[in-house]
Enquirer: 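Below: one structure in structure tokens.
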Amino acid sequence: MKKNNTTISSETQQQAMQVAKSIQKPGQTKEQTKLIALGIEKGIAEYKKRQKQKAREADKLKKRSQRQKQSATESVTGDVAETEAPSNSSKLPWALLVVSWIGFIAYVVLTAA
């Protein structure tokens, strides 16, 4: 169940009263002005509530995208590490081939003389 936050800050009440007084019609009673101010207070409170909710949703999306970017970076880093290992092992057969050819040529040259 959602908690109903009915406390309205004094700043919001002052803002609502200023707006209500600025739109006051001639012949309007103080009670009517107060009722208009209450309606404006509720509107301001609802607006602030929605803005906070939007900010929370934006933060959640931002954090979610950061996590996705971080996991993508980690997976790319893991892939790079995996691809580096085979490149080192692929040098070994070539080195052995070169050494064996040098040995073969040296054997042929030494036995022919």
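The chain is numbered in sequence order, starting from 1. Only this structure's heavy atoms are used, side chains among them; waters, hydrogens and symmetry mates stay out.
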Enquirer: Gln18: what forms a side-chain hydrogen bond (donor to acceptor under 3.5 Å, both in side chains) with it, not counting sequence neighbours?
Expert: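 Partners of Gln18 under the side-chain hydrogen bond (donor to acceptor under 3.5 Å, both in side chains) test: none.
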Enquirer: So which heavy atom on Leu97 is nearest to which on Ser100, and how close?
Expert: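 In terms of heavy atoms, the two residues are closest at O-OG, 2.7 Å.
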Enquirer: Applying salt bridge (charged side-chain N to carboxylate O under 4.0 Å, His left out) as the test, list every pair that has at least one member in residues 25-46; sequence neighbours left out.
Expert: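 Sorted pair list: Glu46-Arg50.
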Enquirer: List the residues meeting side chain to side chain contact (heavy atoms under 4.5 Å, CB included) with Phe104, not counting sequence neighbours, and say none if there are none.
Expert: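 So Phe104 forms a side chain to side chain contact (heavy atoms under 4.5 Å, CB included) with Trp101, Val108.
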Enquirer: Of the non-hydrogen atoms in Ala16 and Ala37, which two are nearest, and what is the gap between them?
Expert: CB-O, 3.4 Å
Enquirer: Going by side-chain heavy atoms closer than 4.5 Å, which hydrophobic residues are tied to Ile36, directly or by a chain of links?
Expert: Val19, Ile23, Ile40, Ile44
Enquirer: Please name all residues satisfying side-chain hydrogen bond (donor to acceptor under 3.5 Å, both in side chains) with Thr33, sequence neighbours left out, ordered by chain then number.
Expert: Gln24, Gln28
Enquirer: Any chance you could measure Met17, atom CE, to Gln15, atom CD, to the nearest 0.5 Å?
Expert: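 Those atoms lie 13.0 Å apart.
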Enquirer: For Gln70, give me all partners under side chain to side chain contact (heavy atoms under 4.5 Å, CB included), at least two apart in sequence or on another chain.
Expert: Glu74
Enquirer: Tell me, do Arg56 and Lys52 make a side-chain contact under 4.5 Å, heavy atoms counted?
Expert: yes
